[in-house]
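Note that ligands are numbered from 1 as they come in the structure, with each ligand's atoms numbered from 1 the same way.
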Amino acid sequence: MIPISRRAFLRLCAQSLAGLSLSQQLLPLAKAWSAAVPVAKPPVIWLELGSCTGESVSLENAVNPDLYHLLTSLLDIRYHGLLAPHQGQAAWHTLEETARNAAGQFWLIVEGSVMTGSQGRYNEFWPTPTQSITGLALVRQLAPLARYRIAVGDCACFGGPAAARPNPGEAKGLWEVISQPVINVAGCPSHPDWMTGTFSHLAWYGPPPLDAYQRPLLFFGNTIHNLCQRRQQYEDGIFAKTPGDAGCLFKVGCKGPVTHADCPLRQWNQGTNWPVRAGAPCIGCASPDFPDGTMPFFQPLTARQVPGTPWPVKKLALYVGGAAAGGIVLHGLASLRLRRIQRHWIEGTVPLPTSPPTASPSKRRTPTWLRRLKQKLRRLLSKETKE
Ligand code: SF4
Ligand code: F3S
């Protein structure tokens with residue numbers, strides 16, 4: 001038998017688990033790509049709305065498949081603000097032609113949040129120098145014609161940083177402004193694998209299974225916390241005091257327990273690293289309520305503000321606890337004042353009748369306050385008759 005330390009055993013378990021999960025997640029895509037059965041490349045209209053172009057830049061970091069394969073073998077991107085081969089009216093003409101001739105076939109991919117304030121005037125397209133259309137109007141025109149609607153990045157999915165307070169442009173996620181189903185590939189930016197994986201799944205197998213926020217379960221089916229390499233330290237109560245320290249980063253603001261994504265397994269930059277491994281707490285960039293709901297970034301989850309109130313969770317719990325304690329004290333004082341406590345604790349509680357009260361109504365004991373009231377009335381009546 002080979003002796004093995006507890007630490008080595010735990011590492012082995014974690015590695016096996018990671019290997020199993022990864023192979024399960026990547027197998028269908030790897031099989032599809034290795035099968036090399038040609039797929040008809042779907043025409044794609046890729047819109048940039050209220051966006052920093054983070055997803056387009058992230059996509060350039062894709063490796064399996066890489067951007068070249070994506071463009072040559074998987075997608076027929078007809079219109080894209082950054083990657084389109086032509087510009088201006090020629091690009092717009094391609095967009096219109098695709099929407100008209102490939103209705104029901106083209107995929108509408110949206111990057112960036114939809115600006116809804118001032119009838120969408122915070123985000124406009126200019127097909128000609130004298131004519132404009134808002135991003136809001138454009139997605140509403142194109143969405144019913146598309147085969148699939150895919151929101152990439154937290155802004156397009158849920159509003160993201162563009163929708164952070166005070167949100168003057170009234171930025172919203174795509175699924176909030178159209179009535180057709182949307183696939184939300186979250187993240188800020190979205191991981192290239194999450195995008196290429198979703199596109200590949202759509203092309204080869206159709207829509208992937210989704211969670212309640214319409215995110216593919218393939219990538220967002222588990223919490224960061226459940227997959228994290230520092231989870232054992234969380235269980236053992238070993239916490240970092242500042243970012244960069246060893247130990248679980250919960251006390252310096254990690255939102256891993258409430259964020260669904262596979263960053264700990266997949267990692268970024270071709271599996272080089274991910275925030276927690278680099279010593280930075282997860283700020284919940286794949287969450288539907290990022291960033292307002294995951295702030296303050298460097299304070300523990302208990303410091304998060306309760307939605308709709310100005311108080312953090314911990315403070316509200318203190319207020320509620322304090323109010324409950326105050327209520328108990330007040331109730332006690334009132335009971336003393338009204339002599340309820342004396343009656344029950346000092347004079348003794350009246351035992352409940354063992355048989356139903358209707359069976360022996362005459363044996364029921366009269367309450368003390370009623371007896372006293374009766375005595376007082378009797379005394380008053382006897383005084384009056386003497387007079
Ligand atoms: Fe969970 Fe974050 Fe701690 Fe990892 S670092 S165990 S995700 S709280
Ligand atoms: Fe984002 Fe957290 Fe992953 S901040 S990149 S979801 S570790």
Side-chain angles (χ1 to χ4, degrees), residues 7 10-11 13-15 17-18 21-22 25 52 54-55 57-59 61-62 151-161 164 184-198 211 213 215-304 313-314:
R7 188 181 293 272
L10 285 174
R11 195 166 49 234
C13 290
Q15 281 166 351
L17 188 69
S21 306
L22 264 184
Q25 288 168 6
C52 67
E55 276 63 45
V57 174
S58 178
L59 203 61
N61 222 7
V152 289
D154 238 50
C155 289
C157 298
F158 312 114
N184 285 325
V185 188
C188 187
S190 193
H191 193 294
D193 287 2
W194 299 342
M195 291 186 277
T196 56
T198 305
D211 70 4
Y213 291 101
R215 296 173 297 190
L217 283 169
L218 194 62
F219 310 111
F220 303 97
N222 213 334
T223 60
I224 299 269
H225 189 60
N226 281 348
L227 306 172
C228 181
Q229 295 88 355
R230 299 193 188 199
R231 176 60 187 266
Q232 190 56 49
Q233 293 164 337
Y234 174 88
E235 300 297 343
D236 293 344
I238 302 166
F239 293 104
K241 289 197 174 62
T242 56
D245 281 357
C248 166
L249 298 165
F250 182 82
K251 290 193 176 174
V252 289
C254 186
K255 306 300 181 300
V258 293
T259 305
H260 286 74
D262 64 3
C263 304
L265 300 181
R266 191 169 304 284
Q267 310 198 48
W268 290 73
N269 295 319
Q270 303 173 30
T272 307
N273 212 341
W274 72 287
V276 167
R277 199 170 145 211
C282 166
I283 58 171
C285 81
S287 287
D289 55 354
F290 173 79
D292 284 349
T294 61
M295 286 199 282
F297 291 150
F298 292 95
Q299 287 184 28
L301 275 167
T302 45
R304 280 207 313 177
V313 175
K314 204 172 173 180

Atom CZ in Arg277, atom CG in Leu249: separation rounded to 0.5 Å? 13.5 Å
Under 4.0 Å from one or more heavy atoms of Gly284, ligand 2 contributes atoms 4 (S)
Pair His225 and Tyr234, ring centroids less than 6.0 Å apart: yes
Which heavy atom of the protein is the closest neighbour of atom 2 (Fe) of ligand 1, given with residue, atom name and distance? Cys254 SG, 2.3 Å
Can you name the atoms of ligand 1, numbered from 1 with element, that are less than 4.0 Å from a heavy atom of Gly256? 7 (S)
Using 2.8 Å as a strict upper limit, say whether an N, O or S atom of Cys285 approaches atom 3 (Fe) of ligand 2 that closely. no
Enumerate the atoms of ligand 2 whose separation from the nearest heavy atom of Trp274 is less than 4.0 angstrom. 7 (S)
Nearest protein heavy atom with distance in Å, relative to atom 2 (Fe) of ligand 2: Cys282 SG, 2.4 Å
Are side-chain heavy atoms of Cys188 and Pro161 found at a separation under 4.5 Å? yes
Smallest separation among heavy atoms of Gln267 and His191, with atom names: O-NE2, 2.6 Å
Those atoms of ligand 1 less than 4.0 Å from some heavy atom in Arg231: 6 (S)
Per-residue contact class, Ile224 against ligand 2 - non-hydrogen pairs under 4.0 Å: side chain
Note: ligand 1 atoms sitting under 4.0 Å from heavy atoms of Arg230 are 6 (S)
I need the Cys248 SG to Gln232 CD distance, nearest 0.5 Å. 11.0 Å
Return the closest protein heavy atom for atom 4 (Fe) of ligand 1 as residue, atom name and distance. Cys228 SG, 2.4 Å
Could you give the distance from CD1 (Ile238) to NZ (Lys251), rounded to the nearest 0.5 Å? 11.5 Å
Among non-hydrogen protein atoms, atom 1 (Fe) of ligand 1 lies closest to His225 ND1, 2.2 Å
Atom indices of ligand 2 within 4.0 angstrom of Trp268 heavy atoms, with elements: 5 (S)
Under 4.0 Å from a heavy atom of Ile283: give me the atoms of ligand 2 that qualify, with their elements. 4 (S)
Backbone or side chain, does Cys248 get an N/O/S atom under 2.8 Å to atom 1 (Fe) of ligand 1? no
Check the side chains of Asn61 and Asn269 for a donor-acceptor pair under 3.5 angstrom, ignoring hydrogens and angles. yes
Atoms of ligand 1 less than 4.0 Å from Val276 heavy atoms? 5 (S)
Mode of Cys263 contact toward ligand 2 - side chain, backbone, both, neither (heavy atoms, under 4.0 Å): side chain
What is the closest protein heavy atom to atom 5 (S) of ligand 1, and at what distance does it sit? Leu249 N, 3.3 Å
Pairing of Asp262 and Arg266 as salt bridge, 4.0 angstrom limit: yes
Does the side chain of Phe158 reach to within under 4.5 Å of the side chain of Tyr213, using non-hydrogen atoms? yes
Student check: side-chain heavy atoms of Pro275 and Pro281 closer than 4.5 Å: no
What part of Pro275, side chain, backbone, both or neither, has a heavy atom within less than 4.0 angstrom of ligand 2? side chain
Do the side-chain N and O atoms of Trp274 and Gln229 include a donor-acceptor pair separated by under 3.5 angstrom? yes
